[in-house]
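Counting starts at 1 for both ligands and their atoms, in listed order. Positions are given from 1, in the same order as the sequence printed here. All values reported here derive from a predicted model rather than from experimental measurement.
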Amino acid sequence: MVSIDQSRAEVAAWLATHWDPDADLIEWRTLLAKSGWGCPSWPTKWFGRGLPPSHNAAVQAEFERVGAVGMAAGVSMYLVAPTLLTHGSDEVNAKHLLPILTGEHTWCQLFSEPGSGSDLAGLTTRADRDGDEWIVTGQKVWNSGARGADYGILLARTDWDAPKHRGISYFAFPIDQEGVEVRPLHQMNRHASFNEVFMTEARVRHDQMIGAAGDGWRVATTTLAHERSAVGTRRPRFATDGGPLVEAARAESAAYFATYSWYPQRAGRSNLIVPEAQRLNRDSDPLVRQNIAEINSLARIFGWTNQRARDARAAGKEPGPEGSLAKISMSETARACHAAHSEIQGAAAMLTGPDTAAKGMIAEVLVSTPAQSIAGGTDEIQRNILGERVLGLPKEPDDTRSLPYRDVARN
Ligand SMILES: Cc1cc2nc3c(=O)[nH]c(=O)nc-3n(C[C@H](O)[C@H](O)[C@H](O)COP(=O)(O)OP(=O)(O)OC[C@H]3O[C@@H](n4cnc5c(N)ncnc54)[C@H](O)[C@@H]3O)c2cc1C
């Protein structure tokens, strides 16, 4: 068994020989992927070294020590790659994992539909077999980052005679094709990170199915468990004066994360509360102080809960219902911040523009925090999961679960 110290020494030696700040970004990431040091806990067959997840932090620290760039970040890495590693065929993984790691291909999630968000298994986008291909027709909605994405992880109904959860298949779906139209949706916070995706007789090859036909719901639950526990994409950190390769990675990251520039506001911007209370001389107001104390207490408690979830992941456990707790805790914090900002600013919280409170950020917080308790499954759905899977309460009644889906009444 390799120790963490051995891994640290090995990656340090590898970086000392191979890290070249003047190299091309894609060439560097390809070399890194093939070495296994970019994702050390992935299997050796797929660009990893098969090390326990508990080694990741030590390896990452070596990258930061020398200022070396790691693998691409984003939805592709935190949702798509773990799903492929669990369910993808050799063919699918050989085609997609390397461009995900290098950042050459970006992905989006094509799950929600106008009539199927919480009730995701009620989706009606259809895929019909045509030789080696499937023909896809339907509409998806709220698809973050779909504009500009190369692929989508797509759920479509392939068997209307099977019950609701058993007639769904999961595809690696190419976006850039005739028959696919991506339309941005404008949000009340003036950003446009979501899209509607219309598919009209679009095509996807049969060998791009992930998991078996009709088994897409099981594959989707893997993706959703990772989504809840990661909740949001983590931004990479870069060395301040790292040379051309670091600058190329920084520019790539800035372009990708521009879509998510309002996510800190969505989380509540707790860091603005005390400075704004001080600026407006509200920091001695007992109600304001009480709100601040509540937010700090929540942050501590949720920090411990999240640490427990991170430790479980580092010990190699798959994400479980603790992801629902993490998701709810972020919603609670965002709501408490929303209340505290409103209390401190009063009506001025509604003003936007550069010469208003925190340059308009407070108003942006107020119209962005509702998204926190919707994205990745609403708070109510997370509570249902905790009730059923942790507390062992009876499942929500649904007398249509075993009927052929074509016979189920839909809106
Ligand atoms: C920031 C953000 C990013 C997103 N990104 C993506 C993406 O990239 N890809 C994608 O596919 N989707 C994405 N979504 C969509 C998201 O997954 C859905 O909005 C969410 O699952 C809720 O579905 P819905 O909007 O259809 O609401 P509905 O399902 O219509 O829910 C309406 C209300 O009814 C409640 N409700 C519904 N069913 C139950 C129940 N059984 N028990 C109790 N209460 C219930 C809900 O909690 C909610 O309050 C994103 C959403 C947001 C806000």
Side-chain angles (χ1 to χ4, degrees), residues 74-76 78-80 83 106-125 138-149 151-156 164-165 168 170-171 173 175 182-199 216 219-221 223-228 230-233 256-257 259-268 323-324 327-328 330-331 334-335 364-365 367-389 393-401 410-411:
V75 163
S76 319
Y78 91 97
L79 287 189
V80 182
T83 307
T106 61
W107 290 59
C108 66
Q109 185 188 27
L110 300 175
F111 281 14
S112 304
E113 298 183 3
S116 314
S118 302
D119 182 24
L120 183 58
L123 58 91
T124 57
T125 289
Q139 185 198 340
K140 298 288 173 178
V141 71
W142 312 126
N143 312 114
S144 310
R147 210 165 13 141
Y151 287 89
I153 38 176
L154 170 77
L155 292 179
K164 186 171 174 177
H165 293 80
I168 296 170
Y170 192 120
F171 296 94
F173 179 77
I175 305 263
V182 181
R183 290 191 206 155
L185 284 168
H186 293 275
Q187 300 149 216
M188 63 179 167
N189 63 7
R190 296 188 181 161
H191 294 267
S193 49
F194 309 116
N195 303 272
E196 297 175 289
V197 178
F198 296 85
M199 291 157 292
V219 184
T221 54
T223 311
L224 293 172
H226 282 278
E227 182 169 16
R228 282 177 207 122
V231 206
T233 46
Y256 176 82
F257 284 103
T259 302
Y260 303 98
S261 62
W262 59 281
Y263 273 39
Q265 283 71 267
R266 183 180 97 159
S324 297
K327 176 83 227 296
I328 291 172
M330 290 165 85
S331 304
R335 272 194 290 274
E364 194 166 308
V365 167
V367 289
S368 299
T369 43
Q372 184 70 58
S373 44
I374 303 172
T378 66
D379 286 5
E380 289 79 8
I381 294 304
Q382 306 310 327
R383 290 198 166 94
N384 286 350
I385 292 171
L386 290 172
E388 292 171 14
R389 297 199 205 145
L393 298 174
K395 272 193 164 306
E396 268 195 272
D398 179 1
D399 53 11
T400 65
R401 276 182 91 89
R410 299 182 292 275
N411 68 16

Check: Does Trp142 CH2 have over 12 foreign heavy atoms under 6.0 Å away?
Finding: no
Checklist line | Main-chain N/O of Phe111 paired to Lys140 side chain as donor or acceptor, under 3.5 Å | finding: yes
Check: Counting distance only, does the side-chain N/O of Ser368 pair as donor-acceptor with the main-chain N or O of Val365 below 3.5 Å?
Finding: no
Next item on the list: Give the numbers and elements of all ligand 1 atoms closer than 4.0 Å to a heavy atom of Phe111.
Entry: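 Those atoms are 11 (O).
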Check: Of all the atoms in ligand 1, which lie at a distance below 4.0 Å from a heavy atom belonging to Asn143?
Finding: 7 (C), 8 (O), 9 (N), 10 (C), 11 (O)
Min N/O separation [X] to ligand 1 under 3.5 Å:
X      : value
Asp119 : no
Glu113 : no
Gln109 : yes

Residue portion contacting ligand 1 (non-hydrogen atoms closer than 4.0 Å) for [X]:
X      : value
Ile381 : side chain
Glu396 : side chain
Leu120 : neither
Tyr263 : side chain
Ile374 : both

Would you compute the distance between atom [atom1] of [X] and atom [atom2] of [Y] and round it to the nearest 0.5 angstrom?
X      : Y      : atom1 : atom2 : result
Ile328 : Thr378 : CD1   : OG1   : 9.0 Å
Asp119 : Arg410 : CG    : CZ    : 11.0 Å
Met330 : Asp379 : CE    : CG    : 11.5 Å

Checklist line | Residues in ring pair (Phe, Tyr, Trp, His ring centres under 6.0 Å) contact with Phe171, at least two apart in sequence or another chain | finding: Trp134
Which heavy atom of the protein is the closest neighbour of [atom], given with residue, atom name and distance?
atom                    : answer
atom 2 (C) of ligand 1  : Phe194 CE2, 3.1 Å
atom 8 (O) of ligand 1  : Ser144 N, 3.0 Å
atom 36 (N) of ligand 1 : Ser118 OG, 4.2 Å
atom 6 (C) of ligand 1  : Trp142 O, 2.7 Å
atom 11 (O) of ligand 1 : Ser112 N, 2.7 Å
atom 24 (P) of ligand 1 : Gly117 CA, 3.9 Å
atom 53 (C) of ligand 1 : Ala375 N, 3.6 Å
atom 48 (C) of ligand 1 : Thr378 CG2, 4.0 Å

Margin query: Quiz question: by atom type and distance under 3.5 Å, do the side chains of Ser193 and Tyr263 form a donor-acceptor pair?
Written below: no
Check: Does any donor atom in the side chain of Asn384 or Glu396 lie under 3.5 Å from an acceptor atom in the other side chain?
Finding: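 Distance-only check passes for Asn384 and Glu396.
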Checklist line | Non-hydrogen atoms of Ile385 and Ser324 that approach each other most closely | finding: CG2-OG, 3.6 Å
Check: Which atom pair, heavy atoms only, marks the closest approach of Lys327 to Gln372?
Finding: NZ-O, 3.1 Å
Check: Given Glu227, Glu380, Gln372, which one has a non-hydrogen atom that is nearest to atom 49 (O) of ligand 1?
Finding: Glu380
Can a protein heavy atom be found under 4.0 Å away from [atom]?
atom                    : result
atom 33 (C) of ligand 1 : no
atom 30 (O) of ligand 1 : no
atom 22 (C) of ligand 1 : yes

Checklist line | Aromatic plane relationship, Trp262 with Phe194 - under 30° parallel, 30 to 60° tilted, over 60° perpendicular | finding: perpendicular
Check: Touching ligand 1 at all, Arg266? Heavy atoms, strictly under 4.0 Å?
Finding: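 Checking ligand 1 against Arg266, which is what was asked, there is a heavy-atom contact under 4.0 Å.
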Notebook entry, point to check: Do Val219 and Thr83 touch side chain to side chain, with heavy atoms closer than 4.5 Å?
Noted result: yes
Checklist line | Test applied, side chain to side chain contact (heavy atoms under 4.5 Å, CB included); reference residue, Leu155; option that passes from Leu123, Leu110, Thr223, Thr125 | finding: Leu123
